[in-house]
Amino acid sequence: MERQLIVVAGPETGRIFSLHDGQTMVIGRGQASSTQINDPRMSRVHCQVQVDGGKTWLLDNGSSSGTFVGGEKITRHELKPGEVFQLGDTQIRFQLTSHQEANTLAGDQAFGRPKPQPAIAPLKDLIGTSLAHYRLDAIIAAGESGMIFKATDSEKHRVAAVKVLSPAPSHQEQQRERFVRAMRTMIDVRNPHIVQLYNAGKSGPYCWAAMEFVEGEDLTKVIQRIGVEGMLDWREVYRVAVHVGRALHEAYQRKIIHRNVTPANILRRHRDKVCLLGDLMLAKALEGSLARQVTQPGQLIGDVPYMSPERTRDQVGVDHRSDIYGLGATLYALLTGRPPFECSSLPELIRMVRQEEPRQPREFQLSIDDTFQDTVLQLLAKRPEDRFQTPAALLRDLERIGRYNNLEADWSEWSG
């Protein structure tokens with residue numbers, strides 16, 4: 001009689017691990033585990049299963065999100081055949097391979113427990129395969145929610161960027177279907193400063209969105225170079241403000257809150273230095289129950305310096321003025337080479353975002369225009385009501401600064 005662990009829901013549904021007498025299997029996503037399950041919500045060493053004296057024990061390893069059996073959080077639990085435990089978005093069932101196991105499976109179905117599904121390939125293994133008419137050629141980036149691939153559109157004969165979400169647990173299937181429908185409602189959005197959505201769909205277990213491929217770099221890389229190449233001229237930063245301000249104006253008109261305006265989500269095209277805001281369509285599709293909150297702050301440390309004070313508390317009070325703050329924090333980093341607040345301690349960093357005032361950008365770059373510095377600092381006001389109340393108000397202020405300083409900007413693209 002052989003003991004088995006079967007992944008019945010999550011990014012790697014279908015994987016099977018065998019257990020032997022006296023064995024301890026470490027389960028997690030890290031290299032120190034025995035499984036290396038590709039679930040970003042799972043700890044690197046999440047839990048372990050021990051076979052000892054004919055009994056099978058499940059022990060939590062101090063994981064960040066906990067180990068659950070029957071909806072209850074456990075630290076140590078004796079597993080019975082047919083029991084399912086959950087780690088992050090992954091569900092694993094313990095079973096015995098024998099005739100008795102067949103009866104256990106029947107019992108599982110009678111009680112509505114999940115049954116093993118066909119194996120699902122990890123996202124990295126999708127290179128060379130196609131989703132609809134998009135051939136996935138290379139990985140551009142990987143994040144908590146999925147991967148972005150450089151792809152070839154065989155119908156339109158063009159390059160695209162395809163974002164593929166990690167396969168969802170079965171209880172999130174309806175949410176993923178809503179995600180696809182919401183994405184498709186955004187296909188008609190056309191703005192020179194928003195990454196265009198081409199198509200969206202669901203192929204097997206994978207939800208995906210095909211978007212415009214921007215030959216350029218995100219502003220994180222620009223900020224990283226500032227310490228080596230010197231400060232970015234404030235006039236270039238002004239241009240970023242105008243471009244992203246126009247993107248936020250489009251979002252405001254469509255009642256979309258981005259919730260994550262950071263340097264990583266703003267692309268600057270190489271050929272003309274035009275900036276485009278990314279993930280706006282994703283923000284629309286993730287509204288409601290799929291919208292992520294700050295439930296695991298340690299995983300969001302890179303974004304916290306660009307979060308508005310209200311966003312560090314919850315998502316309930318977040319509106320378009322939080323996006324305006326995110327733009328201000330990004331402009332500040334472009335002017336100074338660093339975000340408004342920096343600290344290795346997450347609680348202290350959050351305290352600084354909520355309570356402290358940033359140093360004036362002119363302390364880092366003397367040539368900054370006073371009126372533009374005032375605009376950036378107003379974007380960073382602690383209270384939403386003290387910021388620009390709409391992107392249109394911001395754009396009117398930027399137009400005034402541009403005309404006073406004889407800066408080139410085609411204001412015919414926007415009428416406010």
Check whether any side-chain heavy atom of L165 lies under 4.5 Å from a side-chain heavy atom of Y206, and answer yes or no. no
Suppose the criterion is salt bridge (Lys or Arg N to Asp or Glu O under 4.0 Å): which pairs have a residue in residues 320-347, not counting sequence neighbours? D319-R321
Taking every heavy atom of H258 against every heavy atom of V261, the minimum-distance pair comes out as ND1-N, 3.7 Å
Could you tell me if the side chain of E217 sits less than 4.5 Å from the side chain of H270, heavy atoms only? yes
Can you tell me how far apart CG (L349) and CD (E356) are? Round to the nearest 0.5 Å. 10.0 Å
When rounded to the nearest 0.5 angstrom, what is the spacing between CZ in R254 and NE2 in H249? 11.0 Å
Contact check, side chains of H46 and N61, non-hydrogen atoms, under 4.5 Å: no
Determine whether V318 and I257 make a side-chain contact, defined as any pair of heavy atoms from C-beta on separated by less than 4.5 Å. yes
Quick one: does R311's side chain have a donor or acceptor within less than 3.5 Å of a partner on V304's backbone? no
Are side-chain heavy atoms of L276 and R269 found at a separation under 4.5 Å? yes
List the steps and the verdict of side-chain contact (heavy atoms from CB on, under 4.5 Å) for Y252 and I324. CA-CA 11 Å; Y252 177 78; I324 286 174; over 6 Å; no
Sequence neighbours excluded, the answer for salt bridge (Lys or Arg N to Asp or Glu O under 4.0 Å) partners of R383 is E385, D386
Distance (rounded to the nearest 0.5 Å) between I139 CD1 and M147 CE: 4.5 Å
Heavy-atom side-chain proximity of M25 to S34 below 4.5 angstrom: yes
Between CD1 on residue I6 and OG on residue S18, distance to nearest 0.5 Å: 9.0 Å
Gap between atom CZ of R362 and atom CG of L335 - 0.5 Å precision: 11.5 Å
With T375 via side-chain hydrogen bond (donor to acceptor under 3.5 Å, both in side chains) - residues at least two apart: D397
For the pair E215 and R268, find out whether any cationic side-chain nitrogen is under 4.0 Å from an anionic carboxylate oxygen. no
Note: A161 and I148 closest approach over all heavy atoms is CB-CG2, 4.2 Å
Minimum heavy-atom separation for M42 to I37, with atom names? CE-CG2, 3.9 Å
Going through the checks in order, is the side chain to side chain donor-acceptor pair (under 3.5 Å) test met by E250 and N191? CA-CA 8 Å; E250 181 79 36; N191 186 286; 3.1 Å; yes
Any side-chain heavy-atom pair from D279 and K163 closer than 4.5 angstrom? yes
Looking at V274, is its backbone amide N or carbonyl O close enough to the side chain of D272 to form a donor-acceptor pair, meaning the two atoms are under 3.5 Å apart? yes
Does H193 reach the main-chain N or O of C275 with its side chain, forming a donor-acceptor pair under 3.5 Å? yes
Looking at the rings of F149 and W208, which for Trp means the six-membered one, are their centres under 6.0 Å apart? no
N260 backbone acceptor or donor facing N265 side chain under 3.5 Å: yes
Contact between R239 and K273 at the side-chain level, heavy atoms closer than 4.5 Å - yes or no? yes
